[in-house]
Amino acid sequence: MRYQRVAAVAMMASLALSAAACGKEGNPTPSGGGNASGGAAQSDNCTSSGVTFTPKTDAAVAGSPTFEKIKTAGKVTIGVKFDQPNLGYKDAQGKRCGFDVEIAQYVASKLGVDPAKIEYKEIASANRETAIKGGEIDYYVGTYSITDKRKNDVSFAGPYFVAGQDLLVRKDESSITGKDSLKGKKVCSATGSTPIQRVRDEGLTEASNIVEFKTYSECVSQLLDKKVDAVTTDDAILKGYAAQNPDELKVVGQPFSTEKYGIGLPKDDKAFRDYVNDQIEAAFTDGTWQKIYDGTLGKSGSSATPPQLERY
Amino acid sequence: MGEFFRVLTDNQQVFLDGFVNTIKLFLIAAVGSLVLGTLLGAMRVSPVPALRAFGATYVNLIRNTPLTLVFAFLVFAVPKLDVNIDYFPSACIALTVYTSAFVCEVVRSGVNTVATGQAEAARALGMTFGQVLTLIVLPQALRAMVPPMMSVFIAMLKNTTIAAGFSVLEAGAIPAYMAERGEPQMVVLSWIVIGFLILIIPLVLLQRFLERKWAVAR
Amino acid sequence: MSSVLYDLPGPRARLRNRILGVVSIAAIGALVAFIIYKFNETGQFEARKWEQFQYASVQRELLTGLWATLKAAGLATVLALLFGAVFASARLSDRWILRTPATFVVELFRAIPLLILIFFGYYVPLQYGWSIDKLWALVIGLTLYNGSVLAEIFRAGINAVPYGQTEGAYAIGLRKNQVLRLILLPQAFRSMLPAIVSQLVVLLKDTALGFIITYPELLFVGKQIGGRLPFGLPYVPTYLIVAAIYISICGLLSILAWWLQKRMGRMPKTAGRVVPTQEVDAGRTAV
């Protein structure tokens with residue numbers, strides 16, 4: 001029983017030590033070199049596109065319960081992703097950046113909310129509809145494809161971007177060239193996401209080879225560990241991962257779907273939806289959209305133009 | 001009510017696959033943790049201080065670690081050490097590693113319930129170590145061990161659901177799968193509860209029966 | 001040391017034990033060395049993977065996660081103790097109308113996997129359009145399960161007080177309420193305390209299930225930190241640090257439970273037998 005006493009002392013000492021440890025201030029930056037995996041270290045730090053969002057002072061949306069809720073609260077709660085480089089990312093400092101995040105900030109500013117007053121919530125793909133329906137978030141911006149099935153539960157503004165489903169593989173992979181070469185390969189994606197449903201429904205690989213995790217970053221980790229052979233989701237997301245680790249990962253580049261990204265809104269708040277659509281359209285025409293794109297997603301080397309809005 | 005049964009009949013294959021995997025996971029991990037746990041328990045009652053310390057360290061570390069962390073470590077951290085294990089075996093290992101700490105404690109305390117005088121008397125009669133163990137200690141210790149051991153395994157059966165978060169399609173993964181298909185969650189979850197009750201109730205009844213029966217006998 | 005299995009070792013046994021000791025130390029040492037070799041070979045010690053943790057911002061992240069874990073555990077502890085007290089007293093009631101439903105509820109919630117209870121807390125309110133925070137989904141699940149287990153611990157504690165105490169109390173004219181409050185509870189409390197503390201360790205560990213519904217607790221934060229590609233996916237260091245945090249906190253609580261059990265067992269005022277904790281009856285109270 002003396003053992004327990006020794007253990008207690010050791011634990012208290014370690015607790016005290018960890019409490020006393022002081023951290024360096026500033027941005028953690030990985031030092032490159034000397035690693036067995038050979039990846040050139042990329043910066044983890046978030047940088048914004050440089051577009052500033054000033055809150056609109058006279059924002060008003062007649063007959064919208066969602067807007068009323070935001071106005072009374074004086075803040076807005078937005079569902080985002082945190083692990084998709086250049087789209088929705090949170091760095092080691094807790095700063096958020098990316099195309100989706102800036103679109104979210106832009107919309108918030110047009111609702112009269114200071115981007116500093118945004119409360120971000122990280123919602124996994126499978127829980128998006130429930131989070132919007134339950135009012136846990138006011139709106140969702142995070143690679144959210146507009147589908148008819150989802151329209152039963154939520155409303156969409158946009159699309160504000162069009163992507164396509166693609167494959168992320170290891171750099172030395174040569175046998176996977178597109179969606180038809182996936183048979184017998186382990187394919188990973190996020191639980192409840194459109195891409196994994198497509199793989200299942202079209203039988204692109206055997207059911208036993210489908211691997212599901214809550215987030216794409218978990219899949220990427222499994223890909224690098226050779227536990228899966230491909231990660232599938234929208235090219236916009238995959239390009240971000242490939243840009244973070246260009247020595248080990250590549251995107252196949254044969255998109256096999258059209259994913260229209262919309263802003264997920266509470267269902268049946270048409271006034272709010274129309275207002276958000278108007279704001280997106282304004283961003284398309286006045287160049288804000290392009291500036292945001294070039295400063296975030298565009299950094300991984302591809303160009304894009306604003307898509308066609310689909311109002312309904 | 002029709003809706004309630006429709007969810008089951010429409011998706012019976014998913015429910016069946018899920019629960020079959022749960023049972024497989026349970027049986028493999030039960031055998032694994034019984035073996036590893038007994039080994040660790042033997043270490044903890046051995047006359048060798050190094051082995052006792054090793055057993056105690058293992059138990060105290062694992063027992064104070066969440067099972068979810070054991071799973072996460074096996075699925076995300078262990079592959080980084082160039083050890084490649086598939087998802088189902090990973091889940092079996094995680095459950096085994098975790099549960100054997102509890103099995104070990106049951107074995108140890110079971111042996112300790114036997115009064116020292118019993119073994120001393122047996123040795124005084126000239127019995128060998130093997131005879132003392134098989135004729136005197138184990139018959140008494142096993143009786144004390146079985147009910148808590150069953151509690152450990154009932155707990156483990158419920159713990160198999162955690163594998164759902166780590167890409168194993170067992171009963172706990174059914175809700176996420178059904179959410180994709182847009183089935184009402186309340187009904188799906190109710191069926192899963194019914195499934196678990198069917199598995200657990202016989203075990204609990206058996207355990208209570210044994211507990212009562214042997215509590216009187218001692 | 002004489003135990004059930006072994007007598008005091010004589011010269012031959014001592015020699016044999018010593019040899020076994022040396023062999024087992026060598027085996028354990030080899031195991032540890034192999035693990036360290038594997039770590040080193042796969043570059044787990046390289047600076048890039050550990051650097052993050054020197055920075056205040058990452059430490060703050062871990063602390064935020066720890067705080068979320070402790071918040072969920074704290075809320076669930078308070079609610080589970082209340083739940084346990086209410087249902088234990090209902091089960092001890094003389095009226096079957098209280099006893100039967102309480103027994104049903106307690107037995108049911110103990111048989112349902114905790115993760116499924118948490119799913120109930122998360123998915124079902126959302127299905128009916130109520131807003132529910134993930135924190136509360138987790139807390140509801142933890143409360144229902146651990147509350148039911150605590151109800152059983154309370155009941156066992158009260159039942160363990162010798163019946164003579166109750167008889168004596170009634171004989172001197174105390175009312176039922178007074179018997180419970182003045183005679184049974186103070187004695188039962190001492191015998192239950194270790195079991196209660198061990199159950200709270202279980203509760204604290206189970207907050208890690210919040211990981212699966214993406215409640216940002218310690219393990220979830222660990223995944224975020226470990227999943228950073230630019231730092232070479234430092235899952236191994238991160239999970240080791242997270243494990244150390246869990247083990248320190250739960251370990252201290254476990255030691256408290258063990259100490260209480262030893263102390264309570266010694267006290268003459270503890271009339272009943274001490275309610276077994278995890279130590280003796282692992283599964284009953286384990287996860």
Side-chain angles (χ1 to χ4, degrees), chain B residues 45 47-51 54 60-61 63-69 72-73 76-77 80-83 102-103 105-106 109 111-112 114-116 118-120 123 129 132-133 137 148-155 158-159 161-162 164-165 172 175 179 184-186 189 192-193 196-197 200-201 204, chain C residues 1-7 9 13 17 20-21 24-25 28 38-39 41-42 44 107-108 111-116 119-120 123-124 126-127 201 205-209 211-212 219 222-223 226-227 233 235-236 238-240 242-243 246-247 249-251 254 278-284 286-287:
Chain B
V45 294
V48 183
L51 288 178
F54 178 78
N60 283 313
L61 287 184
R63 225 173 29 173
N64 290 317
T65 309
L67 176 57
T68 322
L69 177 57
F73 195 86
F76 295 114
K80 300 272 175 285
L81 303 172
D82 272 346
V83 180
F102 295 91
V103 172
E105 283 307 280
V106 172
S109 49
V111 169
N112 285 341
V114 182
T116 319
Q118 296 263 341
E120 278 169 351
R123 282 192 286 265
F129 176 76
V132 174
L133 193 67
V137 177
M149 192 74 88
M150 287 193 67
S151 301
V152 169
F153 287 129
I154 291 169
K158 295 190 283 170
N159 281 340
T161 47
I162 297 176
Q185 284 294 333
M186 181 76 195
L189 289 170
I192 295 172
V193 167
F196 269 102
L197 289 181
I200 283 177
I201 286 174
V204 172
Chain C
M1 171 199 97
S2 170
S3 80
V4 184
L5 294 172
Y6 311 97
D7 252 329
N17 287 351
L20 271 174
S24 51
I25 286 174
I28 296 164
K38 261 297 193 200
F39 270 46
E41 196 196 41
T42 53
Q44 299 308 327
E107 295 289 344
L108 179 71
I112 302 177
L114 178 54
L115 186 64
I116 303 295
F119 281 166
F120 263 108
Y123 286 113
V124 176
L126 287 173
Q127 194 190 337
V201 175
K205 277 178 7 178
D206 283 346
T207 55
L209 287 174
F211 172 85
I212 295 176
L219 189 56
K223 190 187 78 181
L233 293 172
Y235 276 114
V236 177
T238 312
Y239 280 153
L240 287 180
V242 168
Y246 275 116
I247 291 169
I249 297 173
C250 297
S254 297
Q278 270 182 329
E279 198 80 31
V280 185
D281 191 358
R284 178 71 48 78
V287 185

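A, B, ... follow the sequence lines: proteins, then strands. Residue 1 opens every chain.
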Okay, C:I28 and chain B: the region with an atom under 4.5 Å from a heavy atom over there is side chain

Of the backbone (N, CA, C, O) and the side chain (C-beta and beyond), which part of B:I154 lies under 4.5 Å from a heavy atom of chain C, both, or neither? neither

Ring-plane angle category for C:Y239 and B:F73, please: parallel below 30°, perpendicular beyond 60°, tilted otherwise. tilted

When you look at C:K38 and B:D82, which way does the side chain to side chain contact (heavy atoms under 4.5 Å, CB included) test go after all the steps? CA-CA 8 Å; C:K38 261 297 193 200; B:D82 272 346; 4.1 Å; yes

Quick check on C:L219 against chain B: is it the side chain, the backbone, both or neither that has a heavy atom closer than 4.5 Å? side chain

For residues C:L114 and B:K158, determine if any side-chain heavy atom of one lies less than 4.5 Å from a side-chain heavy atom of the other. no

Report which part of B:L81 has an atom under 4.5 Å of a heavy atom belonging to chain C: side chain, backbone, both, or neither. both

Contact origin within B:L61 toward chain C - heavy atom pairs under 4.5 Å: both

For residues C:S24 and B:L51, report the shortest heavy-atom separation together with the two atoms involved. CB-CD2, 3.4 Å

Taking all non-hydrogen atoms of both residues, which atom of B:A77 and which atom of C:V236 are closest, and how far apart? O-CG2, 3.4 Å

Which heavy atom of B:N64 sits nearest a heavy atom of C:S254, and at what distance? OD1-OG, 2.9 Å

For B:V114, is it the side chain, the backbone, both or neither that has a heavy atom under 4.5 Å from a heavy atom of chain C? both

Whatever's closer than 4.5 Å to a heavy atom in chain C on B:P49 counts as neither

Is any side-chain heavy atom of B:F196 less than 4.5 Å from a side-chain heavy atom of C:P113? yes

Let me know if B:L69 has heavy atoms under 4.5 Å from chain C in its side chain, its backbone, both or neither. both

Best-contacting candidate, C:A243, C:G226, C:A208, against chain B by heavy atom pairs under 4.5 angstrom: C:A208

For residues C:G21 and B:A50, report the shortest heavy-atom separation together with the two atoms involved. O-CB, 4.2 Å

Please check: side-chain N/O of C:Q44 versus main-chain N/O of B:K80, any donor-acceptor pairing under 3.5 Å? yes

Close side-chain approach of C:F120 and B:V193, heavy atoms under 4.5 Å: yes

Out of curiosity, B:T161 OG1 to C:L209 CG, how far, rounded to the nearest 0.5 Å? 7.5 Å

Any idea which heavy atoms bring B:L197 and C:A111 closest together, and the distance? CD2-CB, 3.7 Å

At their closest point, which heavy atom of C:F119 faces which heavy atom of B:G172, and how far apart are they? CE1-O, 3.5 Å

What is the distance from atom CG of C:D206 to atom CG of B:L67, rounded to the nearest 0.5 Å? 9.0 Å

One option among B:P66, B:A72, B:A119, B:A115 has the most heavy-atom pairs under 4.5 Å with chain C, and it is B:P66

Against chain B, label C:F211 side chain, backbone, both or neither, depending on which of its atoms sit under 4.5 Å from a heavy atom there. side chain

